[in-house]
Amino acid sequence: MKQKFNRREFISMAAAAGTGLAVAGPNFALGQESKKPAILGGSKAYTSGFSAWPLFDDREEKALVSVLKSGNWGRLNGPVVAEFEKAYAGLNGAGHCLGVSSGTAALTTILGALGIGPGDEVVIPVYTFIATYNVVVLNYALPILVDTDIETFQIDVKKAEAAVTAQTKAIMPVHIGGTPADIDALIRLGEKAGIPIIEDACQAHLAEWKGKKVGNFGLAGAFSFQSSKNLNCAEGGAILTNDADFARACYTFHNQGQGGTGTSYGTGSGTRATNLRLTEFQGNLLLAQMTRLQQQVETRTENAKYLTELLADIPGIEPAKWYPGTTRSAYHLYMFRYLKEHFHGLSRGKFVEALNAEGIPCDPGYGQMNRDAYVTGLASNPHYLRIYGEKTMKEWLDRNQCPQNDTLTREQSLWFFQTMLLGTRENMEQIAEAIRKIQKYAKQIAKA
């Protein structure tokens, strides 16, 4: 039977993977002749199911009960969020950290502190979650979508440079999948153009560039603690910066324009702000989750390295490349390209279906954001037409052509989620074995 998953069902299944991954069984032996794939009636490469995510124990329970009993549930009258901010800044080697209500809130706060508004442009990658686009549009600025470096899945810096105009007020690269974008090239671009670099590091907890944690290179970095993230508290986010003045501006913006911890008038600066504060419950939950974060990073790193070695022997499977400065990926996503010509023309959709039948979740990932009606509809938005005019909005649509991303997202891109990398080396072998089976029987699968 054909197995189908909508996006929400797939994320729920894939994000449920954790340390409960187990060896498939005695029939598996790396190097033996590949057996018949499950989609054609053979045995699954992986049969034990996936354990829950997030992982938690009495540490999280104690953290929540402690805040509950304290009676101080918000950051304005409790100490825990400040404690988390100090710990997270220290973990990342950053001068300042501000906890906020989501990764989207982190980006919103940064753009708010910069005063981004109507008439401004912000350069962003086309291959990213929609939040990167939304935070720009919420400020009535123009999001300028830049094509993808197809081998890395990251923003193409040369095309980002070509997208910069006199109206560009920020460049906001995304460390997609938890792997750094080309940071050195982006910093050079920002310095040359006199434009701040904002690191969208929402997927990149503890990722490193030349041994230094991401979020420390631009003016600021944004992180997400949403449910699927490597560090999570259901919803939440943080801003890292080494600029004390900018840290204060971000605090003021996220606290209704008021400075310090107060809510009275006249204590802040600027003329525009909102409430994006993190709660004490979230702060303490994050402190508990952080106690196992480093070990999880190491486990993902070792498993991803081994999986990459295994996949190197399979023609047509191309793991996303790293830029030379990358010294660690967070592996929120294990991204790879599927080249169907090495699988007898088997479509990507059928390949995913066959992997799912093996008990291995796999997802095509992001689509063509620049072609999505939600995004292209901006050209006819009445507010944008009043601000920019019909001619500029038509030109904006033309500027957002991204042919490399079209190829990547239409035909090639695939993901494994971070929780699949929290298992064992044997689990990585099971993934590789499943792909070998599919490749061997690709012609039959295509006809099935």
Side-chain angles (χ1 to χ4, degrees), residues 67 72-92 94-117 120 122 129 131-141 169-170 172 196-202 205 215-216 218-226 229 231-287:
V67 172
N72 298 319
W73 296 357
R75 79 161 298 155
L76 295 182
N77 59 358
V80 175
V81 171
E83 182 183 347
F84 160 73
E85 290 168 341
K86 181 178 179 180
Y88 196 65
L91 182 66
N92 287 280
H96 307 276
C97 173
L98 175 67
V100 292
S101 56
S102 68
T104 303
L107 294 170
T108 299
T109 299
I110 291 168
L111 295 186
L114 283 172
I116 301 293
D120 295 336
V122 179
F129 183 56
T132 311
Y133 162 90
N134 280 337
V135 295
V136 179
V137 172
L138 282 172
N139 287 280
Y140 294 100
K169 294 300 184 289
M172 197 157 67
I197 301 296
I198 305 303
E199 297 177 67
D200 183 337
C202 286
H205 303 287
N216 282 286
L219 174 62
F223 295 80
S224 171
F225 307 129
Q226 180 267 345
K229 297 302 191 293
L231 176 63
N232 87 86
C233 61
E235 296 289 351
I239 297 165
L240 295 181
T241 182
N242 291 298
D243 185 315
D245 290 336
F246 190 68
R248 282 191 289 271
C250 287
Y251 185 97
T252 298
F253 183 88
H254 104 298
N255 188 37
Q256 300 286 23
Q258 308 308 303
T261 57
T263 55
S264 59
Y265 299 123
T267 60
S269 60
T271 58
R272 194 169 61 100
T274 188
N275 170 19
L276 299 172
R277 295 187 295 264
L278 191 72
T279 70
E280 293 284 279
F281 289 106
Q282 293 167 302
N284 227 17
L285 196 56
L286 288 166
L287 285 169

For a quick test of reading the model, state the closest non-hydrogen atom pair linking [X] to [Y] and the distance between them.
X: Ile110; Y: Ala222; value: CD1-CB, 4.1 Å
X: Ala238; Y: Ala106; value: O-CB, 3.6 Å
X: Gln226; Y: Asn232; value: O-CB, 3.1 Å
X: Gly257; Y: Ala273; value: N-CB, 3.1 Å
X: Val135; Y: Met172; value: CG2-CE, 3.8 Å
X: Lys169; Y: Ile116; value: CB-CD1, 3.5 Å

Between His96 and Phe246, does the ring-ring contact (aromatic ring centres under 6.0 Å, His included) criterion hold? Intermediate values first, please. CA-CA 9 Å; His96 307 276; Phe246 190 68; over 10 Å; no
Quick one: do Phe223 and Cys202 satisfy side chain to side chain contact (heavy atoms under 4.5 Å, CB included)? Show the steps, please. CA-CA 4 Å; Phe223 295 80; Cys202 286; 5.6 Å; no
Atom pair [atom1]/[atom2] of [X] and [Y] - distance to nearest 0.5 Å:
X: Ser101; Y: Leu276; atom1: OG; atom2: CG; result: 4.5 Å
X: Leu107; Y: Ile198; atom1: CG; atom2: CD1; result: 9.0 Å
X: Leu286; Y: Phe281; atom1: CG; atom2: CZ; result: 13.5 Å
X: Leu219; Y: Cys250; atom1: CG; atom2: SG; result: 7.5 Å
X: Arg277; Y: Leu76; atom1: CZ; atom2: CG; result: 4.0 Å
X: Ser102; Y: Glu235; atom1: OG; atom2: CD; result: 6.5 Å

Strictly distance-based, threshold 3.5 Å: is any side-chain N or O of Asn255 a donor or acceptor partner for the main-chain N or O of Thr252?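 Flag not set: sc Asn255 to bb Thr252 has no pair under 3.5 Å.
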For Arg272 and Asn139, run side chain to side chain contact (heavy atoms under 4.5 Å, CB included): C-alpha distance rounded to whole Å, both residues' side-chain angles, the deciding distance at 0.1 Å, then the answer. CA-CA 11 Å; Arg272 194 169 61 100; Asn139 287 280; 3.2 Å; yes
Answer yes or no: is there a side-chain heavy-atom contact under 4.5 Å between [X] and [Y]?
X: Leu285; Y: Gln282; value: no
X: Asn92; Y: Tyr88; value: yes
X: Asn72; Y: Val67; value: no
X: Ile239; Y: Thr109; value: yes
X: Thr104; Y: Asn134; value: no

Take Glu85 and Arg75, measure what salt bridge (Lys or Arg N to Asp or Glu O under 4.0 Å) needs, and give me the verdict at the end. CA-CA 11 Å; Glu85 290 168 341; Arg75 79 161 298 155; 2.6 Å; yes
How are the rings of Phe225 and Phe84 set relative to one another: parallel (under 30°), tilted (30 to 60°) or perpendicular (over 60°)? perpendicular
Asn275 and side chain to side chain contact (heavy atoms under 4.5 Å, CB included): which single residue from His254, Gln258, Gln256 fits? Gln256
Is there a side chain to side chain contact (heavy atoms under 4.5 Å, CB included) between Phe253 and Thr108? Walk through the geometry before answering. CA-CA 9 Å; Phe253 183 88; Thr108 299; 4.3 Å; yes
Taking everything shown except Tyr140 itself, do over 12 heavy atoms lie less than 6.0 Å from its OH?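 Counting other residues, nucleotides and ligands, OH of Tyr140 stays at 12 neighbours or fewer.
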